[in-house]
Amino acid sequence: MGRAASMGPSVEMPSDAILLTIFLRHDQTKTLDQINAHLDRSGFRHSFPPEGTEVVSWYVMMGIGQVVTLRVPPDKLRAVNLAIERGAWGAFRTEFYPTYDYAPLWKAQRATDAAKKR
């Protein structure tokens with residue numbers, strides 16, 4: 001699942017780091033064994049995520065593939081793209097989405113709404 005260091009304690013990130021969600025959609029013309037063999041040959045698990053990025057979440061979505069959210073400093077965006085192109089293509093179709101954490105805003109709005117009802 002990439003470098004262990006990226007899953008460990010949070011790395012100091014610049015304040016302009018962005019969240020990037022990547023859909024790794026399984027190539028359904030291939031078996032899981034074929035996908036894993038491709039990832040082994042391409043070195044994807046060793047090159048992704050790139051140094052200097054942080055895994056925020058990594059989920060498997062049954063019937064879809066994997067969904068990874070990274071915290072990415074702007075100067076590492078190209079490295080993320082290259083790691084995907086060199087390692088994941090051929091096993092996955094990819095989609096990229098700039099992302100932000102809405103949960104704190106949602107919780108604050110709920111608290112405000114609850115306070116108004118009192």
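In this text the structure is predicted, and so the values were computed from the model without any measurement.
- There is a path of hydrophobic side-chain contacts, each under 4.5 Å, that joins V55 to I22.
- L19 CG to R71 CZ: the interatomic distance, rounded to the nearest 0.5 Å, is 5.5 Å.
- Not one N or O on the side chain of H26 forms a donor-acceptor pair closer than 3.5 Å with the backbone of T31.
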Check against side chain to side chain donor-acceptor pair (under 3.5 Å), N36 and R41: CA-CA 9 Å; N36 282 326; R41 280 191 311 275; over 6 Å; no

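- Between F48 and W58, the ring-plane angle classifies as perpendicular under the 30° and 60° cut-offs.
- The salt bridge (Lys or Arg N to Asp or Glu O under 4.0 Å) pairs that include a residue from residues 85-111 are R25-E95, where partners are two or more places apart or lie in different chains.
- Contact check for F92 versus D27: no side-chain heavy atoms found under the 4.5 Å cut-off.
- Note on L70: it does not cluster hydrophobically with I64, by side-chain heavy-atom contacts below 4.5 Å among ILVMFWY residues.
- Distance check, rounded to the nearest 0.5 Å: CD1 of I35 to CG of D40 gives 12.0 Å.
- Residues V56 and V72 do not share a hydrophobic cluster, defined by chaining ILVMFWY side chains whose heavy atoms lie under 4.5 Å apart.
- Note on V67 and I84: separate hydrophobic clusters, where clusters join Ile, Leu, Val, Met, Phe, Trp and Tyr whose side-chain heavy atoms are under 4.5 Å apart, directly or indirectly.
- If you chain together ILVMFWY residues whose side-chain heavy atoms come under 4.5 Å of each other, Y102 ends up grouped with Y100, L105, W106.
- With hydrogens and angles ignored, the 3.5 Å screen pairs no side-chain donor or acceptor of K117 with any backbone N or O of T112.
- A centroid separation of less than 6.0 Å is found between the aromatic rings of Y97 and F23.
- Partners of F96 according to the ring-ring contact (aromatic ring centres under 6.0 Å, His included) rule, which considers only residues two or more places apart in sequence or in another chain, do not exist here.
- Counting only distance, with no hydrogens or angles, the side chain of T99 and the backbone of T21 share a donor-acceptor pair below 3.5 Å.
- Listed for the S42 side chain is a donor-acceptor partner under 3.5 Å among the backbone atoms of H38.
- The nearest pair of heavy atoms linking L39 to A88 is CD2-CA, 4.4 Å.
- When all heavy atoms are compared, the tightest approach of A83 to S47 is CB-O, 3.7 Å.
- When all heavy atoms of P98 and L20 are compared, the closest pair comes out as N-CD1, 4.1 Å.
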